[in-house]
2 protein chains.
Amino acid sequence: MKKKITIKEIAKILMVSVSTVSKAMNDSPEISEKTKKKVKELAKFYGYVPNHIAVSLKNQSTFNIGVIIPDIQNSFLAEVLKNIEVHAKKNGYRIITFFTGEKLKEERESLNILSNGMVEGIIVCPCEETFVEKEFNHFKNIAETTPLVTFDRIHKELNFNSVSVDDDQSILKACAHFQSTQAKNILFVSSIGWLSVGKTRRRTFNTFIEGEASLNGETIEEHNLEELRKKIEDRITDTSLPKIDAILGADIESTLISNASIAKNNIPLIDRISLIGYVDKNHNELQYPRVSYINQFPEKVGEKAVELLIKNLKEEQKIIQQEVIKTEIVVKDTSK
Amino acid sequence: MKKKITIKEIAKILMVSVSTVSKAMNDSPEISEKTKKKVKELAKFYGYVPNHIAVSLKNQSTFNIGVIIPDIQNSFLAEVLKNIEVHAKKNGYRIITFFTGEKLKEERESLNILSNGMVEGIIVCPCEETFVEKEFNHFKNIAETTPLVTFDRIHKELNFNSVSVDDDQSILKACAHFQSTQAKNILFVSSIGWLSVGKTRRRTFNTFIEGEASLNGETIEEHNLEELRKKIEDRITDTSLPKIDAILGADIESTLISNASIAKNNIPLIDRISLIGYVDKNHNELQYPRVSYINQFPEKVGEKAVELLIKNLKEEQKIIQQEVIKTEIVVKDTSK
DNA sequence: CTGAAAGCGCTAACAC
DNA sequence: GTGTTAGCGCTTTCAG
């Protein structure tokens, strides 16, 4: 493997000093056009590119933003990530992405590694284990020295800059939508009952239903997807029980399974069960029927997160801002 | 924002030299247990973490692997990426991911940035524009100084370490599968005719069909997905034309649209059109009907890519190895 | 217009 | 067992 050429070697070949080469490469007005040309030509010839690590160390700035994500397979997070990258780049920053697999240990490690010189600031979606363990100290420690923005998942102890989605509002809007279409029996399905966000969504659903005399609610929560499918199919095909008018999916998986169950059991149109849930937008557009869904605007989440972080990088004093993105129900084929 | 503490400051507080602190932190046997304890305690107290940039510069090694991906929304690439990350971590490496958006300029820039000190080696899926422009010099230049592994997309000029998928075989296996189920008229649908991989797939399909007297082939290629949907629906519902027995989807989008079109037009079972194509595995499992698909083993691609790269990092001399992953047809609901 | 020298934070050979 | 020192590749002040 060929060795990479350094400024020093270029200087030697040209019989000038390293500082001259450095200045020439950076187009300093101190250097004559002639020398600049000479230096640049040789640099190009040898394929010189400044060593990024050395520049970072010297300048104490990397133009890197760290991003920590629980899971890349989560299409919402993937879309946020994409948008973080786009907006970071637009502002002259690169991103360094770590995945935690929802593990607290990985999250801690990622924060530690990133926060020491690698990046100027960090955008992080806290992992599930963090919420289970109610352990937020690693964030607090890091936030003392490194600008931090959390997104998507919130907790009162996570009082940093954050961008989240109005989750309660999503559920309430979906319920209200069902109500306006005369649904009576609403089934809440979830494969994420163990996740804090899953718990909140269920609680919000239940609270709403209890407050509405005209509505009746049922819940199916099951982590195992095959089991979940079975339970949903059993329920919606069981004619001995009151008919389900609408299903609210608490996550992508349960929404898809509900959609599949309705399709598979070929339920006649007259008995159509409405369905609203969470989906991968791109995918949803291409399937039939397209599910009516809760749009969480991942583009906005990504953009805002970058915006908040960069604002914090520039300001000297630290400002705390908590953005909440409003969601909307997008009516497609599975509801009126 | 609080300043991060350095080794120097710890040394001053403890009235020892920086090297003592450094050695103590790195558990050098030269240092007494007592001093180690003293140093470590203070380090912990002040939340000291070594500056990664400085360590990298000093050691001339970063334990970073660069990954360059055209598009994170592509579920195949996302899954490969996830597996690259997992296997990199397993070997003690972090990954730094850049997205090119299929743009040659971005690809060039990403390679340049990564190759100078940031990473030890690079895993890259070359972007489409690279193939359109037939411009491979940026890879060749980088490969002279930085270990490189390309994956997924290949070209005879890209003669580096690579992991690719046996694309021809995928198409041939699908055709053979249709043939074995007595299909006569096969429709090839594609939304990626403009992409090199799309061209190859179509060519392979056509060549096979022409060689088989018992088979008849048709092709619908259309970049605009709404148009594509219309064309597919028109074709499969047009009873004045010979009936389509099977559809081969050349990419995820056209496969999904075909599936949706069949479902939407409620084609009776007796006229069932078989469908094989490319899918997002996770998603496919949850929908109904689940599409019979070509498994490209993204896990293997990611794992092999890391393996090849690390092999190259360790060996002094450079070895070139071109891995080809065999695919398989996974029969689900849309074919016999 | 060019060069010498200091220093970013850390490690490690070498001295004591 | 601990300290001194040089140096990784680069930028930048200051001197000439």
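In what follows, chains are A, B, ... by sequence order, proteins preceding strands, each numbered from 1. What's counted below: heavy atoms across the whole structure, side chains too, no hydrogens, waters or symmetry copies.
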Can you run down the side-chain hydrogen bond (donor to acceptor under 3.5 Å, both in side chains) pairs that involve residues 47-58 of chain B, sequence neighbours left out, and say none if there aren't any?
-> B:His52-B:Arg94
Residues pairing under side-chain hydrogen bond (donor to acceptor under 3.5 Å, both in side chains) where one sits in residues 63-75 of chain B, two or more places apart or in two chains, turn out to be A:Lys82-B:Asp71
By salt bridge (charged side-chain N to carboxylate O under 4.0 Å, His left out), which residues pair with [X], not counting sequence neighbours?
{"X": "A:Glu303", "answer": "none"}
{"X": "A:Lys90", "answer": "none"}
{"X": "A:Glu102", "answer": "A:Arg153"}
{"X": "A:Glu144", "answer": "B:Lys2"}

Under the side-chain contact (heavy atoms from CB on, under 4.5 Å) rule, collect the residues that match up with A:Glu41, sequence neighbours excluded.
-> A:Lys37
Can you name the residues that form a side-chain contact (heavy atoms from CB on, under 4.5 Å) with A:Lys103, not counting sequence neighbours?
-> A:Glu106, A:Glu129
If you fit an axis to the five pairs at each end of the helix from C:dC1-D:dG16 to C:dC16-D:dG1, how big is the angle between those two axes, to 10 degrees?
-> 50°
Of all of residues 31-44 of chain A, which get a heavy atom below 4.0 angstrom from DNA chain C, listed by number?
-> A:Ile31, A:Ser32, A:Thr35
Going 5' to 3' through nucleotides 8-13 of chain C and flagging B where a protein heavy-atom sits under 4.0 Å of the base, S where only the sugar-phosphate is that close, and - otherwise, we get BBBBBB
Hey, could you give me the CZ/CD1 distance between B:Phe151 and B:Ile68, rounded to the nearest 0.5 Å?
-> 10.0 Å
Taking only residues two or more places apart in sequence, or in another chain, which ones meet B:Tyr93 in a ring-ring contact (aromatic ring centres under 6.0 Å, His included)?
-> B:Phe63
Between C1' of D:dG9 and OH of A:Tyr46, the distance in whole Å | 19 Å
